[in-house]
Amino acid sequence: CSRWEEEKNEDGVKWMQLEHRGPYFVPPYEPLPKDVHFYYDGKPLKLSLATEEVATFYAKMLDHEYTTKEIFQNNFFHDWRKEMTSEEQEIIKDLDKCDFGEIHKYFVDKNEARKALPKEEKQKLKEEADKIQEEYGYCILDGHREKIGNFKTEPPGLFRGRGEHPKMGMLKKRIMPEDVIINCSKDSKIPKPPEGHKWKEVRFDNTVTWLASWTENIQNTLKYIMLNPSSKLKGEKDWQKYEVARRLKDVVHTIRAQYRKDWKSKEIKKRQRAVALYFIDKLALRAGNEKEEGETADTVGCCSLRVEHIQLHPQLDGQEHVVEFDFLGKDSIRYYNKVSVEKPVFKNLQLFMKNKDPTDDLFDHLNTTFLNKHLQHLMDGLTAKVFRTYNASITLQEQLKALTNPEDNIAGKLLSYNRANRAVAILCNHQRSIPKTFAKSMQVLQEKIDAKKKQVEEAQEEVKKAEDEFKDTKDAKAEANVEKKKKLLKRLEEQLAKMNIQATDKEENKQIALGTSKLNYLDPRITVAWCKKFGIPIERIYNKTQREKFAWAIDMTGEDFEF
DNA sequence: CCTGAAGACTCAGAAATATAAGT
DNA sequence: TACTTATATTTCTGAGTCTTCAG
């Protein structure tokens, strides 16, 4: 436990000692073999090195749907031309006349060749990767050797945003040492830049947690090299996050009473704030910062909802005051929900929407800064996102309480856990695309279940037969046989039950992503306590990485922990 | 002091890779 | 046992939230 209980640093100081090797730079571009050609207008054309490299980025993505989109093609072609020599610019004027087919095939083949490599060769590659990990993947922070999260620079390539991103296809440039700022402690061994290069800057800022940073050229924002979630620094922050959420538990009732009162406020701004907060609390919506138009995909959160994103139904499917939400949230994941809301909320929404265009802001007097200022005033450390953490964790705790049957076997209890986890994922709208092999693997499972059912039936008959025989003969051998057959039947029935559970779980899970809530929203202490209480080995819920990340919770939690 | 931009950090699903299960 | 396929884990980096800074 001691590791989590070392003394705290003062005011914003994150470490006293930080030593590392700097980022690992991706290997330089390898030119194409002579017999792999690019064709323009049907004729082979030898490209300059820089032009060729960018061409390979496009060629590699050729069978991806992305490359068929006009925005992608235009952005790519625009940026590609900038890399060309003036001679090349003279010739290559039309993307449609470019043939990347041979280059594409070269990379597909190369990939397959790599997969087909003999075992020893693969082993060798792995050892090389491990060596790099060993050398660059760790740092020393305040005397502890800590794992780094992302120690490699991002390779150059074509930008792929999520959803309808206006910058898709743009060229993401190669990161050079000259772009990189190193952060470490003054008295540490300062990382050496690669031969013949120098760092952009070396600084000694112990009020931040990053080891290195650079500015990315697509959005002009900073990227960082930071520690792995298993590190003490990240673990403590995570713990702190859940402690804030637990404090919200104590005041949430007051806050709810407050926003209900504010629904009737004379100030429109307060009313909007109160309705937005109701959504954030009840539906676990994100805050919704405003975003710069044209720079990113068009997505929204609570405060940035527009009139077009909701529809009001005084009556719907036997419910009153129904709000129908339909918008794209983070990562362009669709949020669709029909919710019966309290009457004053409904009335307020009607008011907010009056005389507005579909593209106008629903909460036109509200932004996240104003909302968060209010929340800060209600509780120290409270911001909009704390509601998501709080509601997620409290839901897990409640669902576990409601769903766990102490009589169940481990598989049954695990199903209950997954269902509780799933309830949270649904609340937070964590979705995934249905796995490509889903239908097939479901069918395979169903066939197995049917086969097992048959076996169970057969076994039942066998038992009956054995029992009849015993009734006739009354001999010990026949009696033993009855026992044997019964045992077999029981085993088969258990197998069948397990398969049925598996099928249910799989079906319920096909479009839901459990990982994000498990990793970021659910206080791990709830899970640890549940495992202890019901005798479930923690490895059945958390894999190795997750156990490392949640080491702080596994260390300190007893079975009576309450969120 | 206010405001918008920059900075720092958390959270997000897809894709790549490793491992287990099936044949 | 060797190969193939399904599943689990890990990596990747984009997309949010919230804080801090500069003019």
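Convention: sequence-line order gives letters A, B, ...; per-chain numbering from 1.
Using cut-offs of 30° and 60° for the angle between ring planes, the A:F76 and A:Y58 rings count as parallel.
Within 4.0 Å (heavy atoms only), A:G515 reaches no atom of the nucleic acid at all. Among the heavy atoms of the strands lying under 4.0 Å from A:R286 are primed sugar atoms or P, OP1, OP2 only; no base atom is included. Using a 4.0 Å heavy-atom criterion, one finds that A:K373 contacts no nucleic acid atom at all. Residue contacts shown for A:F159 are limited to sugar-phosphate atoms, with no base heavy atom under 4.0 Å away. Contact annotation for A:K330: base contact, defined as any heavy-atom pair under 4.0 Å involving a base atom. As judged by a 4.0 angstrom heavy-atom cut-off over every strand, A:T299 is placed among residues touching the sugar-phosphate backbone only. In this structure, A:A384 reaches the sugar-phosphate backbone alone: every heavy-atom distance under 4.0 Å involves primed, P, OP1 or OP2 atoms, never a base. When heavy atoms are screened at a 4.0 angstrom cut-off, A:D238 is found touching no nucleic acid atom at all. Residue A:E216 is out of contact with every strand shown, counting any heavy-atom pair closer than 4.0 Å. Counting non-hydrogen atoms under 4.0 angstrom, A:T209 reaches the backbone sugars and phosphates but no base. Using a 4.0 Å heavy-atom criterion, one finds that A:P155 contacts the sugar-phosphate atoms exclusively. Note on A:K518: nothing from the nucleic acid sits closer than 4.0 angstrom, heavy atoms only. In this structure, A:S213 reaches neither bases nor backbone, as no heavy-atom distance under 4.0 Å exists between it and the strands shown. Residue contacts shown for A:G288 are limited to sugar-phosphate atoms, with no base heavy atom under 4.0 Å away.
Taking a 6.0 Å sphere around CD of A:E164, one finds it holds 12 or fewer heavy atoms contributed by other residues, nucleotides or ligands. Heavy atoms from other residues, nucleotides or ligands lying under 6.0 Å from CD of A:E70 number 12 at most. By the neighbour-count criterion of 12 heavy atoms within 6.0 Å, atom NZ of A:K173 is sparsely surrounded, having that number or fewer from other residues, nucleotides or ligands.
Ion pairing between A:E243 and A:R246 holds under the 4.0 Å rule for side-chain N and carboxylate O.
Atom CD1 of A:I333 and atom P of C:dA15 are 12 Å apart (whole Å). If you take CG of A:N520 and P of C:dA15, they are 17 Å apart, rounded to a whole angstrom. Between the NZ atom of A:K167 and the P atom of C:dT13 there is a distance of 18 Å, given to the nearest Å. Here the P atom of nucleotide C:dT11 and the CD atom of A:Q546 are 13 Å apart, to the nearest Å. Counting to the nearest Å, the C1' atom of C:dG16 and the CG atom of A:L285 are 14 Å from each other. Between the NZ atom of A:K14 and the C1' atom of C:dT20 there is a distance of 11 Å, given to the nearest Å. What separates CD1 of A:I225 from P of C:dC12 is a distance of 11 Å, to the nearest Å. Taking atom CD of residue A:E164 and atom C1' of nucleotide C:dG14, one finds them 16 Å apart after rounding to whole Å.
Taking every nucleotide of DNA chain B with any atom under 4.0 Å from a non-hydrogen atom of chain A, the first and last of them, 5' to 3', are B:dG7 to B:dG22.
Proximity note for A:N543 (side chain, C-beta onward) versus C:dT9, C:dG16, C:dA15: the nearest is C:dT9.
Checking the phosphate oxygens (OP1, OP2) of C:dG16, a side-chain nitrogen or oxygen of A:K291 falls inside 4.0 Å. The shortest distance between the side-chain N/O atoms of A:N289 and the OP1/OP2 oxygens of C:dT17 is below 4.0 Å. Look at A:Q219 and you'll find a side-chain N or O under 4.0 angstrom from OP1 or OP2 of C:dA15.
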task: With side-chain contact (heavy atoms from CB on, under 4.5 Å) as the test, would you mind laying out the steps for A:N367 and A:N289 before giving the verdict?
output: CA-CA 7 Å; A:N367 61 40; A:N289 287 312; over 6 Å; no
Determine, step by step, whether A:L227 and A:C139 satisfy the side-chain contact (heavy atoms from CB on, under 4.5 Å) criterion, reporting the C-alpha distance in whole Å, the side-chain angles of both residues, the deciding distance to 0.1 Å, and the verdict. CA-CA 9 Å; A:L227 294 178; A:C139 68; 3.4 Å; yes
**Study point:** Criterion ring pair (Phe, Tyr, Trp, His ring centres under 6.0 Å) on A:F159 and A:H165, from CA distance to verdict
**Key:** CA-CA 10 Å; A:F159 177 80; A:H165 202 294; 4.9 Å; yes
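Mapping A:R162 and A:N220 onto DNA chain B via the closest heavy atom, the residue that lands nearer the 5' end is A:N220. In terms of position along DNA chain C, the nucleotide closest to A:T545 lies nearer the 5' end than the nucleotide closest to the other residue of the pair A:T545 and A:A297. Looking at which nucleotide of DNA chain C each of A:K172 and A:K385 is closest to, the 5′-most match is held by A:K172. For A:S433 and A:R203, each mapped to the nucleotide of DNA chain B holding its nearest heavy atom, the one lying further toward the 5' end belongs to A:R203.
With sequence neighbours left out, the side chain to side chain contact (heavy atoms under 4.5 Å, CB included) criterion links A:E201 to A:I181, A:R203.
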